[in-house]
Amino acid sequence: MKTKTTKCIVSAAAAVALTLTGATQAAEKLNIYCWSEYIPQDVIDDFSKETGIKVSVENYASNEEMLAKLGAGGGSFDIIQPSEYVVEALVKEKLLRPLDKKAIPNLKNIDSKFLNMSFDPGNKYSVPFMAGTVGIVVNTELVKDDIKSFSDVFKPANKGKIVALDDAREITAWALLSQGLPINDMSDANLEKVKPVLANWLPLVKVFDSDSPKTALLNGDVAIGIVWGGEGAILLQSDPKFRWIIPAEGTHLFIDSLAIPKTAKNVNNAEAFMNFILRTDISKQISDAFPYTNPNLAARKILTEEQIRNKASFPSDEEIAKMQVFRDIGTQGSKVDELVTSLKAQ
Ligand code: N2P
């Protein structure tokens with residue numbers, strides 16, 4: 001009996017030792033592949049300081065760029081940041097790893113509105129990181145017209161004054177909206193319908209930029225932008241001459257999540273990082289740098305009134321209710337890419 005107990009203790013100790021060795025080995029690295037201008041460098045540095053985990057970060061400017069790299073087997077990533085329709089597609093293709101929720105207790109900080117969404121019921125594979133929309137920013141010192149819609153932006157008079165996101169799915173969605181068509185119906189017939197619209201619009205754009213579309217507006221290179229909400233929010237903070245407009249035709253609500261690819265090698269570290277950035281103070285730090293719609297309710301409670309009042313960061317419930325969310329469109333995605341690429345090259 002006594003011997004048996006001792007043996008048990010010994011094997012328990014061995015198990016602990018094994019786990020520790022495993023943890024020490026895994027604690028060395030974490031490879032993140034995320035949207036540009038979404039996770040501040042000081043957050044990454046603080047995580048490394050706290051955990052000793054060495055983090056490498058690569059950025060992408062569109063979901064399609066990220067998927068192309070993953071699909072081509074380029075890089076080995078422990079965390080990616082897909083948008084809703086991409087989570088949906090990756091789950092379908094069994095390319096994500098189920099999360100160990102016990103390792104992510106700070107999930108409790110997320111607003112329940114952003115949990116259990118249709119692209120990942122029960123959040124088996126994804127943790128909401130940031131949400132937001134796409135809207136119009138006008139430099140009112142340079143443009144006197146009362147711009148209300150995508151169609152107002154893409155008028156011949158604005159040729160050479162526009163910065164737009166460099167994102168085929170986004171651009172095509174704006175054209176569909178301008179025709180009163182749903183943004184997820186990217187059938188061949190609808191692509192044919194928006195082709196002439198895009199053929200008129202694209203030559204008017206001076207700068208295509210998804211990484212930092214605010215830059216061309218800040219330096220006066222352009223006067224109108226169609227930009228991510230967080231970029232719009234930074235512009236509104238920077239100068240009252242910038243006005244934010246939710247396009248009259250409607251717009252798109254995105255929810256970008258954190259997920260672990262099946263092929264990840266540092267899974268524990270990935271979950272530790274997810275838990276870290278869901279911490280109230282860290283999530284606030286992220287909002288301070290990149291003022292998108294933060295789904296972290298605990299962090300939202302400690303944002304300043306000015307941050308919460310920024311309409312580009314936090315659209316009203318009424319505005320959100322009118323926004324559409326992208327769904328997986330399967331193989332039509334590559335046709336959308338081809339359409340926009342060919343028209344841009346004209
Ligand atoms: C962050 C870009 C926002 C991502 N720079 C839109 N899904």
Side-chain angles (χ1 to χ4, degrees), residues 32-44 57-70 79-90 114 117 119-120 126-137 163-174 177 183-184 207-218 225-238 244 246-247 251-259 277 283 285-296 310-315 320 323-329 333 336-337 340:
I32 301 179
Y33 193 29
C34 64
W35 289 90
S36 44
E37 309 217 4
Y38 235 11
I39 307 181
Q41 189 55 45
D42 28 327
V43 165
I44 304 273
V57 182
E58 270 186 64
N59 291 134
Y60 53 86
S62 73
N63 282 297
E64 289 63 31
E65 185 187 337
M66 181 267 283
L67 287 173
K69 186 154 194 171
L70 277 191
I79 292 192
I80 51 171
Q81 230 175 16
S83 300
E84 58 304 302
Y85 70 102
V86 181
V87 173
E88 189 183 355
L90 292 172
F114 290 93
M117 303 196 74
F119 56 84
D120 181 18
S126 66
V127 167
F129 170 74
M130 211 60 111
T133 188
V134 169
I136 302 166
V137 174
V163 57
L165 296 174
D166 196 5
D167 187 306
R169 177 113 197 226
E170 279 293 343
I171 295 173
T172 307
W174 312 335
L177 285 164
I183 60 172
N184 287 305
V207 182
F208 286 100
D209 184 359
S210 286
D211 292 306
S212 180
K214 63 181 165 313
T215 305
L217 283 149
L218 283 170
I226 303 182
V227 306
W228 310 120
E231 292 277 302
I234 293 174
L235 290 163
L236 297 191
Q237 279 165 15
S238 76
W244 169 255
I246 298 279
T251 186
H252 158 222
L253 172 74
F254 58 80
I255 300 118
D256 298 331
S257 296
L258 302 162
I277 59 176
S283 180
Q285 209 176 319
I286 296 170
S287 269
D288 291 345
F290 302 124
Y292 286 84
T293 308
N294 193 339
N296 189 312
N310 194 321
K311 279 286 161 226
S313 302
F314 294 101
I320 291 179
M323 293 174 191
Q324 301 178 57
V325 175
F326 283 156
R327 302 292 315 253
D328 177 30
I329 52 167
V336 172
D337 270 341
V340 173

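Start at 1 and go down the list; that is how both ligands and their atoms are numbered. For reference, positions follow the sequence shown, starting with 1.
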Return a yes/no value for D256: is any of its N or O atoms, backbone included, closer than 3.5 angstrom to an N or O of ligand 1? yes
Could you tell me whether Y60 and Y33 have their ring centroids closer than 6.0 angstrom? yes
Among all protein non-hydrogen atoms, which one is nearest to atom 5 (N) of ligand 1, and what is the separation to 0.1 Å? S36 O, 2.4 Å
Near-ring test Y292/W228, centroid separation under 6.0 angstrom: no
Mark yes or no for whether E88, through its side chain, and D328, through its backbone, hold a donor-acceptor pair below 3.5 Å. yes
F254 heavy atoms, cut-off 4.0 Å: which ligand 1 atoms fall inside? 6 (C), 7 (N)
Under a 4.0 angstrom heavy-atom cut-off, which atoms of ligand 1 come close to S83? 7 (N)
Hey, is F290 touching ligand 1 through its side chain, its backbone, both or neither, going by heavy atoms under 4.0 Å? neither
Pair Q324-H252, side-chain donor/acceptor within less than 3.5 Å: no
Non-hydrogen atoms of L236 and A312 that approach each other most closely: CD1-CB, 4.1 Å
